[in-house]
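In what follows, every heavy atom counts, from backbone to side chain, and hydrogens, waters and symmetry copies are set aside. Not measured: the values here are computed from a predicted model.
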Amino acid sequence: MKKVLVIVNISKDESLTLAEKIDLFLKNQGIETVLYDFDGFAGEVSFSGYDLVITLGGDGTVLFAARNAVVEDIPVFPVNFGQFGFIASVQPENWQTALEQCLAGDSVLEERSMLLVNVFRENKCVYTSLGLNDAVIFGKRGASTISLDVNYDGLPLCKLKSDGVIVATSTGSTAYSAAAGGPILSPTLDAYVFTPINSFSLSSRPIVLGMEKTITITVGKSRTKDYAVTVDGQEAFSLQLSDRVEVSRFKKDVKLLCATEEKFYGALRSKLNWSGGPYA
């Protein structure tokens with residue numbers, strides 16, 4: 001390992017402090033480090049030439065890193081300074097031990113599926129993005145339903161009148177999709193969670209679909225003309241009537257270090273109280 005990118009969430013003072021310690025630790029190992037200040041919004045940064053990406057922040061910082069690291073096949077080492085830590089699974093007090101194991105090649109590496117989101121307008125692709133958590137289509141004006149025509153692998157799935165729809169990965173099933181009533185999936189499953197947001201029909205329930213096929217969502221006529229799609233809650237693109245949003249599985253999986261299933265279920269119990277009662 002020769003060069004490491006450290007992404008620092010600058011909204012968290014603890015991240016800045018730990019970044020200095022990690023920088024010194026890696027330099028003492030003869031490893032070049034580059035620090036990147038992340039303010040919570042997607043920015044332009046090249047991940048080319050790095051052997052490892054370390055994130056110091058919450059799950060949102062990992063989402064930013066994942067979209068860029070997956071293209072270069074670079075593993076992500078996520079240190080958690082956020083509220084939940086479903087993805088950022090290395091606790092700050094354990095960073096050195098975990099990083100030493102990583103440098104020695106003894107870390108658990110888990111691969112997670114990613115979304116490829118393309119927007120077509122008059123059969124021309126006008127927007128492309130990658131996401132680890134989800135893609136959300138919604139009307140920009142609150143309390144106003146929009147019409148969406150949904151197909152799965154070219155077959156009609158549903159016609160929605162709702163505030164929008166969430167297409168999440170298994171990793172993203174604990175995020176916005178869960179808040180909207182969607183099921184929680186094991187992060188190792190290759191599946192979409194399709195969750196309508198405040199559907200006008202009581203029969204429109206969340207559904208789990210295989211990722212080997214493409215979900216196509218076409219924007220229909222509604223009272224509002226302001227629509228958008230967001231990817232991982234960080235990248236946004238304005239939609240127009242008749243735009244077609246295609247969501248498919250990206251050809252590569254992102255590599256997350258130390259993100260074990262044990263830590264995932266531990267976060268479910270401790271952060272979401274999923275255990276249902278006292279846990280001995």
Side-chain angles (χ1 to χ4, degrees), residues 40-42 58-60 63-64 66-67 83-84 86-87 113-122 124-152 156-185 191-209 211 214-250:
F41 297 94
D59 287 345
L63 296 177
F64 167 73
R67 288 197 301 275
Q83 183 177 3
F84 292 108
F86 281 105
I87 316 173
S113 51
M114 300 276 296
L115 298 177
L116 171 63
V117 182
N118 289 316
V119 177
F120 292 89
R121 183 170 297 156
E122 296 179 352
K124 179 181 179 181
C125 185
V126 293
Y127 172 77
T128 297
S129 185
L130 301 176
L132 174 57
N133 257 8
D134 52 38
V136 181
I137 298 173
F138 61 98
K140 291 183 180 180
R141 297 181 180 179
S144 179
T145 59
I146 60 175
S147 297
L148 301 171
D149 192 355
V150 184
N151 286 265
Y152 178 62
L157 183 63
C158 62
K159 291 183 180 291
L160 280 179
K161 283 189 179 294
S162 64
D163 287 354
V165 69
I166 306 163
V167 181
T169 63
S170 296
T171 300
S173 69
T174 55
Y176 188 20
S177 176
I184 293 175
L185 273 59
Y192 303 113
V193 181
F194 182 89
T195 307
I197 306 171
N198 297 333
S199 175
F200 194 69
S201 171
L202 295 178
S203 63
S204 296
R205 311 306 301 164
I207 185 172
V208 177
L209 301 166
M211 291 191 82
T214 299
I215 297 176
T216 303
I217 304 169
T218 303
V219 179
K221 289 183 178 180
S222 59
R223 291 182 179 180
T224 180
K225 295 183 179 180
D226 294 324
Y227 324 88
V229 57
T230 61
V231 179
D232 282 348
Q234 295 177 355
E235 293 197 352
F237 181 79
S238 295
L239 299 173
Q240 297 179 9
L241 179 65
S242 300
D243 278 358
R244 188 174 78 251
V245 182
E246 293 188 357
V247 182
S248 59
R249 179 179 178 174
F250 187 53

What's the spacing between D232 CG and F64 CZ if we round to 0.5 Å?
11.5 Å
Quick one: does S162's side chain get under 4.5 Å of T145's, heavy atoms only?
no
Tell me every residue that passes side-chain contact (heavy atoms from CB on, under 4.5 Å) with K161, counting only those two or more places apart in sequence or in another chain.
S147, F200
More than 12 heavy atoms from other groups under 6.0 Å of OH on Y176
no
Evaluate the side-chain proximity of V117 to V245: yes if any heavy-atom separation is below 4.5 Å, no if none is.
yes
In terms of side-chain heavy atoms, does S113 have a donor or acceptor partner in T169 at a distance below 3.5 Å?
no
Using the rule given for side-chain contact (heavy atoms from CB on, under 4.5 Å), can you reason through I217 versus V167, listing the C-alpha separation, both sets of side-chain angles and the distance that settles it, and then say yes or no?
CA-CA 10 Å; I217 304 169; V167 181; 4.1 Å; yes
Nearest 0.5 Å please: distance from the OG atom of S177 over to the CD1 atom of I184.
9.0 Å
Close side-chain approach of N151 to D149, heavy-atom, < 4.5 Å:
yes
Please give me the minimum heavy-atom distance between Y227 and S222, naming the atom from each residue.
OH-OG, 3.3 Å
Please report the shortest heavy-atom distance between P183 and V208, naming the atom on each side.
CG-CG2, 4.0 Å
Heavy-atom side-chain proximity of V219 to I146 below 4.5 angstrom
no
In the structure I gave you, are the side-chain heavy atoms of D59 and T174 within less than 4.5 Å of one another anywhere?
no
Nearest 0.5 Å, what's the CG-CD1 distance between D163 and I197?
7.0 Å
Heavy-atom closest pair, residues A191 and L185:
CB-CD2, 3.8 Å
Residues in side-chain contact (heavy atoms from CB on, under 4.5 Å) with L209, at least two apart?
Y152, L157, Y192, F194, I207, I215
Less than 4.5 Å apart, side chain to side chain, heavy atoms only: is that true for L115 and M211?
yes
Any idea which heavy atoms bring T195 and G182 closest together, and the distance?
OG1-CA, 3.9 Å
Once rounded to the nearest 0.5 Å, what's the spacing between atom CG of L239 and atom NZ of K225?
15.5 Å
Of all heavy-atom pairs linking T218 and S242, the shortest is CG2-O, 4.0 Å
Can you give me the closest heavy-atom contact between K140 and S238, atom names plus distance?
NZ-OG, 2.6 Å
So S199 and L160, do their side chains get closer than 4.5 Å, heavy atoms only?
yes
Distance-only check: which donor-acceptor pairs under 3.5 Å involve side-chain atoms of residues 126-136, not counting sequence neighbours?
{"from": "Y127", "atom 1": "OH", "to": "E235", "atom 2": "OE1", "distance (Å)": "3.3"}
{"from": "T128", "atom 1": "OG1", "to": "N118", "atom 2": "OD1", "distance (Å)": "2.8"}
{"from": "S129", "atom 1": "OG", "to": "E235", "atom 2": "OE1", "distance (Å)": "2.7"}

Between E246 and F120, is there a donor-acceptor pair closer than 3.5 Å when you use the side chain of the first and the backbone of the second?
no
